Amino acid sequence: MTREELPNLAESKLTALVVDDNFVNQSIHQKLLARLGITNEVVCNGKEAVDAHCSGRNYDLILMDMDMPIMNGIQATKRLREMGIESKIAGVTTRANEGEKKEFMEAGLNDFQEKPLTISKLLSILHKFDFYVQT
Amino acid sequence: MNTIVVAQLQRQFQDYMVSLYQQGYLDNQFTELRKLQDEGSPDFVAEVVSLFFDDCAKLINDMSISLERPDHVDFKQVDSGVHQLKGSSSSVGARRVKNVCIAFKECCDVQNREGCLRCLQQVDYEYKMLKTKLQDLFNLEQQILQAGGTIPQVDIN
């Protein structure tokens, strides 16, 4: 997909939260979202993601890494669901064996993508959640 | 604008880029990164790889400390560092670094300190080599822009 073919979802006013402890991944995921016109914020671990929601913030989409210090993605996803957060949560991780994926999904994910994240994978996530309809 | 100079520089850039892929330094994820660069963020790729190299230096240092004492190796810490490094290298398309991390993880899994030390040395070498190569690539980009040209799209396939 060329740059000119990338959809611009700015009119949808979607918001996203990137939850990842790695600065390289934070930077890339934020850029991916921004290129599609999705406003986004970033936090460094699951606890910060939970705290953001406790302070009243809410997001259409959460990109959740699995391995993070303090509170990992599985714990954070469970906690957010317990809090009644209904945002779409996509797990994004390099750990992809079936057992780990199953555990992460069962924590309350809506989707799972293996890192590294690309525009195609992000569009696949958005399409699955009906945030993006391919024309 | 000297069109002949620009064309030569663009050709040099293309050939160099292709060689980096052919020699295994980079993979398709680097191509994905380049797609994200635009007029609003013209230095995006350079900024992200700079973060990656900072990450490499820190993680390698931490792992070196963990591996220092033969009688007291914290393999869990080393494994965590390797996991981080594999993740970052995969995200920027640093193929050789990522491949060393795969071997490094295997050494961690069987608690092979000597193997880990060899991998540590190798990953240090590979990231520094890549850093030099990418700096040369970015320098070529700057030369093209300063000569009034545009950075060519490079079809790796």
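Just so it is clear, the structure is predicted and the values come from calculations on it, not from any experiment. Proteins come first, then strands; the chains are lettered A, B, ... in the order of their sequence lines, and each starts at number 1.
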### Query
Measuring from B:D38:CG to A:K31:NZ, what's the distance to the nearest 0.5 Å?
4.0 Å
### Message
Could you check whether B:Q84 and A:D67, counting side-chain N and O atoms only, form a donor-acceptor pair closer than 3.5 Å?
### Response
no
#### Entry: Linked, directly or transitively: B:I102 and B:L26 (ILVMFWY side chains, under 4.5 Å)
no
### Message
Taking A:L63 as the starting point, is it possible to reach A:I70 by hopping between hydrophobic residues whose side chains are less than 4.5 Å apart?
### Response
no
### Message
For the residue pair B:S90 / A:K115, report whether a side-chain donor-acceptor contact shorter than 3.5 Å exists.
### Response
no
### Query
At what distance, to the nearest 0.5 angstrom, does OG1 of A:T118 lie from CD of B:Q29?
7.0 Å
### Query
Is there a path of hydrophobic side-chain contacts, each under 4.5 Å between heavy atoms of I, L, V, M, F, W or Y residues, that connects B:L120 with B:I65?
no
### Message
Rounded to the nearest 0.5 Å, what separates atom OG in B:S88 from atom CD1 in A:I28?
### Response
8.5 Å
### Query
Counting heavy atoms not belonging to A:E103, are there more than 12 under 6.0 Å from its CD?
no
#### Entry: Heavy-atom pair with the smallest gap, counting every atom of A:R35 and B:K35
NH2-O, 3.3 Å
### Task
Please indicate whether B:Y125 has more than 12 foreign heavy atoms, meaning atoms of other residues, nucleotides or ligands, lying under 6.0 Å from its OH.
no
### Query
In terms of heavy-atom proximity below 4.5 Å to chain B, should A:L117 be classed as side chain, backbone, both, or neither?
backbone
### Query
Around B:R95, counting heavy atoms of other residues, nucleotides and ligands shown, do more than 12 lie under 6.0 Å from its CZ?
no
### Message
In the structure I gave you, are the side-chain heavy atoms of B:E47 and A:S27 within less than 4.5 Å of one another anywhere?
### Response
no
### Greatest number of heavy atom pairs closer than 4.5 Å to chain B - which of A:N22, A:L32, A:N25
A:N22
### Query
Hey, are the side chains of A:I119 and B:L36 touching, using non-hydrogen atoms and a 4.5 Å cut-off?
yes
### Task
Please check if atom CD in A:E82 has more than 12 non-hydrogen atoms from other residues, nucleotides or ligands closer than 6.0 Å.
yes
### Message
Quick check: closest heavy atoms across B:S91 and A:V24, and the distance to 0.1 Å?
### Response
CB-CG1, 4.3 Å
#### Entry: ILVMFWY cluster, B:M129 and B:V123 together (side-chain gap under 4.5 Å)
yes
